[in-house]
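Worksheet: one structure, shown below.
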Amino acid sequence: VLWTVVAKLTRRASLASLLVAVGIPVGAAVAGAPGPEIALLVAMGVVVVVRHHGNIERLLRGTERPVGTARP
């Protein structure tokens with residue numbers, strides 16, 4: 001749900017993915033998940049952020065394509 005809301009508001013799938021990668025471990029911690037589960041979710045979130053390094057650069061430059069646009 002978070003991904004859909006962010007993607008619709010920003011029209012950037014990569015931004016939505018990055019926010020979910022951070023939001024899921026935070027939500028699990030707030031919900032009282034056990035430490036090892038939170039650690040695993042944090043590790044998975046780090047992988048997502050690292051894999052999105054190109055998208056992060058484009059987001060910062062303002063050149064990331066909106067959702068639904070064709071590649072040139």
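We use all heavy atoms of the structure for the numbers below, so side chains are in, but hydrogens, waters and symmetry mates are not. FYI, the numbering just counts along the sequence from 1.
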Using a 4.5 Å cut-off on heavy atoms from C-beta on, say whether the side chain of [Y] contacts that of [X].
X	Y	result
V49	I56	yes
M44	V48	no
L59	L18	yes

**OP:** Ignoring hydrogens and angles, tell me if any N or O in the side chain of R12 forms a donor-acceptor pair with the backbone of E64 under 3.5 Å.
**Re:**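 A pair under 3.5 Å: yes.
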**OP:** Please confirm whether the backbone N or O of T63 pairs with a side-chain atom of R58, one donor and one acceptor, at under 3.5 Å?
**Re:**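 Absent.
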**OP:** Report whether L60 and L19 are members of the same hydrophobic cluster (ILVMFWY, side-chain heavy atoms less than 4.5 Å apart, transitive linking).
**Re:**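 Shared cluster, yes.
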**OP:** Say whether L9 and V1 are linked into one hydrophobic cluster, either directly or through other cluster members, by side-chain heavy-atom distances under 4.5 angstrom.
**Re:**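 Yes.
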**OP:** For residues W3 and S17, report the shortest heavy-atom separation together with the two atoms involved.
**Re:**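 Of all heavy-atom pairs spanning W3 and S17, the closest is NE1-OG, 3.2 Å.
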Subject >> Minimum heavy-atom distance A7-A16, with the two atoms named >> reply: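 For A7 and A16, the tightest heavy-atom pair comes out as N-CB, 3.8 Å.
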How long is the gap from [atom1] on [X] to [atom2] on [Y], to the nearest 0.5 Å?
X	Y	atom1	atom2	answer
I24	I38	CD1	CD1	13.0 Å
S14	R65	OG	CZ	10.0 Å
L15	N55	CG	CG	10.0 Å

Subject >> Test side chain to side chain contact (heavy atoms under 4.5 Å, CB included) applied to P25 and L41, V30, L40, the passing residue >> reply: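 Exactly one candidate clears the test, L41.
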